[in-house]
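What's counted below: heavy atoms across the whole structure, side chains too, no hydrogens, waters or symmetry copies. Chain naming here is simple, since letters A, B, ... match the order of the sequence lines and numbering starts at 1 in each.
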Protein chains: 2
Amino acid sequence: MSEKIPVKEGRVARRQRRNRQALIQAAREIMSGRGVDAATMLEIAEKADVGAGTVYSYFKSKDELAIAVLENLMHDLAVRIEEVTDTFDDPAQVYAFGIRTVLDTATGDTHWKQLLHRSEVISDAMFRMMGPFAIRDLRRASQAGRFQVSDAELVWRLTTHALIGAALAITNDKVPPGNKRQIITQLLCMTGIGNDAAVELASRPRPKISREQGAGAVE
Amino acid sequence: MSEKIPVKEGRVARRQRRNRQALIQAAREIMSGRGVDAATMLEIAEKADVGAGTVYSYFKSKDELAIAVLENLMHDLAVRIEEVTDTFDDPAQVYAFGIRTVLDTATGDTHWKQLLHRSEVISDAMFRMMGPFAIRDLRRASQAGRFQVSDAELVWRLTTHALIGAALAITNDKVPPGNKRQIITQLLCMTGIGNDAAVELASRPRPKISREQGAGAVE
DNA sequence: GTTCAGAAATGAATGTGATTCGAATATCAT
DNA sequence: ATGATATTCGAATCACATTCATTTCTGAAC
């Protein structure tokens, strides 16, 4: 009948929270610095100041740890975008700004470049962590009559993959960075806004977002 | 001054051709059966009937071998699509049929499912091996006034990533297979054809392509 | 047909690093 | 303070990808 409900957070819970954060932080630094493959679990454990085996009581595998790192990164970016866009009037512009900022960040930030090689994983993390914002924006813009999106989830899904693919192509010099505006225009076309409006939307001036802070908390 | 120009293909050249093909074939079967990671180089070497070290005189690494397998797969599919589409009248339909067939194949064929996890690699292989066809189709349809594509390469690049991402999502039950038509419609929107025309194009009946033959030659 | 230099193939040995697991330690209710 | 339980530790394991010293094959020259 009576469940144990800890009245207060004990040392164990506190240490576990600290360890999990420290591991994500350490992994984020090492993985984004030298790439996921080149980061060894031992190195990460040492940097987080835990034993090598302990990592595995927090994350089932290296892959799972990498996913946690990506989620962390995506969450940060979504929040930083959100800080800026809630002043925009045009809901279509909110979405357009979001995807353009992701593209700029992914191609401009050294930390991101290292991670693009796991594109299916990073796209999925983006879908999940930024989706709540992006899908909301797509719907809002549709309700305002700016977009015509019948399945916002699907459009966002396709967009994440195309976006990460484009970022990867730019990073590998397969596509010149000058094509970024064109890329955003094409992706905006998927919202049914029409080509001319997409061109206009993609060329509006953009404010800066705040600087990256390192690994923040992700609940 | 005088280069050695072998008048006739000697045993060495013949064996090398045979080994390369056998390796790709063996790798294709094992990798697409159990996934790239689960396939060991020793297993592949044995199946191809060469020594473990010999693989490395044909492919610098396991990754390079995997890429060769993907290229092989993509080339096959491109050719099989080509067989059917050269009877179509509407150039826009040729393109639409192509991307729909890729989506169906990638989600329907067990061999493909295993490979989707390397999506950045498979998208790139698709870009290179099917690009010559797809980009040509995009341009033809644009010249015929059906599409309005200013940068066919870019549209194809974005489409490959979105397509593979969508296939992966369907395979992992994140998107229901019934959404395939919607996916194709959205991707067609990137050609500037307009939403209504895209819907119509995506819903035309499609002929069957020929059956997969196993690993064919790729020059 | 024999010989020989170089090319190609071989597979046992190496090295790396993810993961496991039994021992050691810390926690906390009593 | 004590013992049952949960957590951490890190040395040992293990699975491969890759290397390289050795052997085998090839084909031109005689």
Would you mind listing every salt bridge (Lys or Arg N to Asp or Glu O under 4.0 Å) that reaches into residues 105-117 of chain A, with sequence neighbours excluded?
-> none
Please report, rounded to the nearest Å, how far the C1' atom of dT26(D) is from the CZ atom of Arg14(B).
-> 12 Å
Just grab all the side-chain hydrogen bond (donor to acceptor under 3.5 Å, both in side chains) pairs involving residues 37-48 of chain A, residues at least two apart or on different chains.
-> Glu29(A)-Lys47(A), Arg34(A)-Glu43(A)
Can you name the side-chain hydrogen bond (donor to acceptor under 3.5 Å, both in side chains) partners of Gln16(B), sequence neighbours left out?
-> none
With sequence neighbours left out, write down each residue that passes salt bridge (Lys or Arg N to Asp or Glu O under 4.0 Å) with Asp104(B), or none if nothing qualifies.
-> Arg100(B), Lys180(B), Arg206(B)
Taken to the nearest whole Å, CD/Glu64(B) to C1'/dT18(D) is 14 Å
Could you encode protein contacts along nucleotides 9-23 of chain C as a string, one character per nucleotide from 5' to 3', using B for base contact, S for sugar-phosphate-only contact and - for no contact, with a heavy-atom cut-off of under 4.0 Å?
-> SBB-----SSBB---
Give the table of side-chain donor-acceptor pairs shorter than 3.5 Å for residues 124-131 of chain A, with sequence neighbours excluded, one pair per line with atom names and distance.
residue	atom	partner	partner atom	Å
Asp124(A)	OD1	Arg157(A)	NH1	3.4
Asp124(A)	OD1	Lys174(B)	NZ	2.9
Asp124(A)	OD2	Arg128(A)	NE	3.1
Asp124(A)	OD2	Lys174(B)	NZ	3.2
Arg128(A)	NH1	Glu71(A)	OE2	2.5
Arg128(A)	NH2	Glu71(A)	OE2	3.3

